[in-house]
2 protein chains.
Amino acid sequence: MRPAAADIDELDIRLVEILQKDSSTPSVKIAGMLRVTEGTVRNRVNKLRRLGVIRRFTISIDPMAMGQGAIAFVLLNAAPGRTAEVAKRLAALDVVAEVHETHTYGDLLLKVRARGPSDLADIVASRIKTVPGVAGTQVITVLNAWKDGA
Amino acid sequence: MRPAAADIDELDIRLVEILQKDSSTPSVKIAGMLRVTEGTVRNRVNKLRRLGVIRRFTISIDPMAMGQGAIAFVLLNAAPGRTAEVAKRLAALDVVAEVHETHTYGDLLLKVRARGPSDLADIVASRIKTVPGVAGTQVITVLNAWKDGA
DNA sequence: CCTGAAACACTAAAGGC
DNA sequence: GCCTTTAGTGTTTCAGG
């Protein structure tokens, strides 16, 4: 059930934008903004949830405050033919926020979150490099996050 | 008003975890899980919002379904002494999801979202390279996102 | 912490494109 | 036929005691 872009119209997009800004906005208020009734808003939200466009209602937190202040990106090489296997295992780690397959500098690009620089070094050494099929790593340490998708 | 990690206790952390999974969970239900009263839950939530630990209530969407299927990372060099200025201007662009300051490959690492590969090329050429102070760019195209913090 | 009032969410059923 | 609306019912939130 992959959601096609055709299934969502202009109203859905505006609805999603409102919910991204503040998902605690009451249905009635959203209804007023979009010039439809409250029932329509909730019907649409249910539809978007069914289609998987809206994955879940959540909160955006400050990583600093939660003791997750350090970020690093890891450029990683996998053993030939084992990229998918390695990607899946890395994705299962909670410290690994993102796993992207690429072909520019290595095979995978990871985003790693940790408490601090020393914690970060430990994670790379003992949890990432130890994954079977990992051939090599290059760490890009983040000094300052100007904009972050937390 | 930078929130110190000392201000949040075990209860806050569990509360945040519940809200990350589903922020539409009613206060009463959360109260039951945490063995506290409903008032306590809402007081805590308000406190965490005030401290900036909880930035906002939002939704997690499927980027594919919203016509944002393409991702690229851009390694960027800024003109000497202009890194902060460039970072701020890039952070203001809606297509730029993340801006990180680094010192490994260039000065900034960006995460860019777009509809497709051609759209991506256009964004880099006409919206990122044109920012004053940008000296050079290296684009890492993502072929497949195994895990993404959308 | 408890209570009551108001706002809000949800269900089912009818109407319009 | 599908989407939207409407009306009625139940739940949650929130202020004052």
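Residue numbers begin at 1 in each chain, while the letters A, B, ... track the order of the sequences. Model, not experiment: these values are computed from the prediction.
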Atom-to-atom span, [atom1] of [X] to [atom2] of [N] - whole angstrom:
X: A:I8; N: D:dC2; atom1: CD1; atom2: C1'; answer: 18 Å
X: A:D9; N: D:dC2; atom1: CG; atom2: P; answer: 16 Å
X: A:L51; N: D:dC2; atom1: CG; atom2: P; answer: 14 Å
X: A:L34; N: D:dT5; atom1: CG; atom2: C1'; answer: 15 Å

Report, as yes or no, whether the 6.0 Å neighbourhood of atom CD on B:Q138 holds more than 12 heavy atoms from other residues, nucleotides or ligands. no

Heavy atoms of B:D119 and B:A114 approach each other most closely as OD2-CB, 3.7 Å

Before accepting this row, confirm whether a basic side-chain N of the pair A:R42/A:E38 lies closer than 4.0 Å to the acidic partner's carboxylate O. yes

Please confirm whether the backbone N or O of B:A78 pairs with a side-chain atom of B:D107, one donor and one acceptor, at under 3.5 Å? yes

Using only atom types and a distance under 3.5 Å, with no angle test, would you say the side chain of A:K147 pairs donor to acceptor with the backbone of B:A91? yes

Passing option when B:D9 is tested against B:R44, B:R14, B:K47 for salt bridge (charged side-chain N to carboxylate O under 4.0 Å, His left out): B:R44

Using the side chain to side chain contact (heavy atoms under 4.5 Å, CB included) definition, which of the options A:V86, A:L75, A:N77 pairs with A:L108? A:V86

Looking at B:I123, B:V96, B:V95, B:I71, which hits side chain to side chain contact (heavy atoms under 4.5 Å, CB included) with B:R113? B:I71

Spell out protein contact along nucleotides 2-16 of chain C as letters: B when the base is contacted, S when just the sugar-phosphate is, - when no protein heavy atom is under 4.0 Å; keep the 5' to 3' order. ------SBBB-----

One would report the end-axis bend of the helix from C:dC1-D:dG17 to C:dC17-D:dG1, five pairs per end and rounded to 10 degrees, as 20°

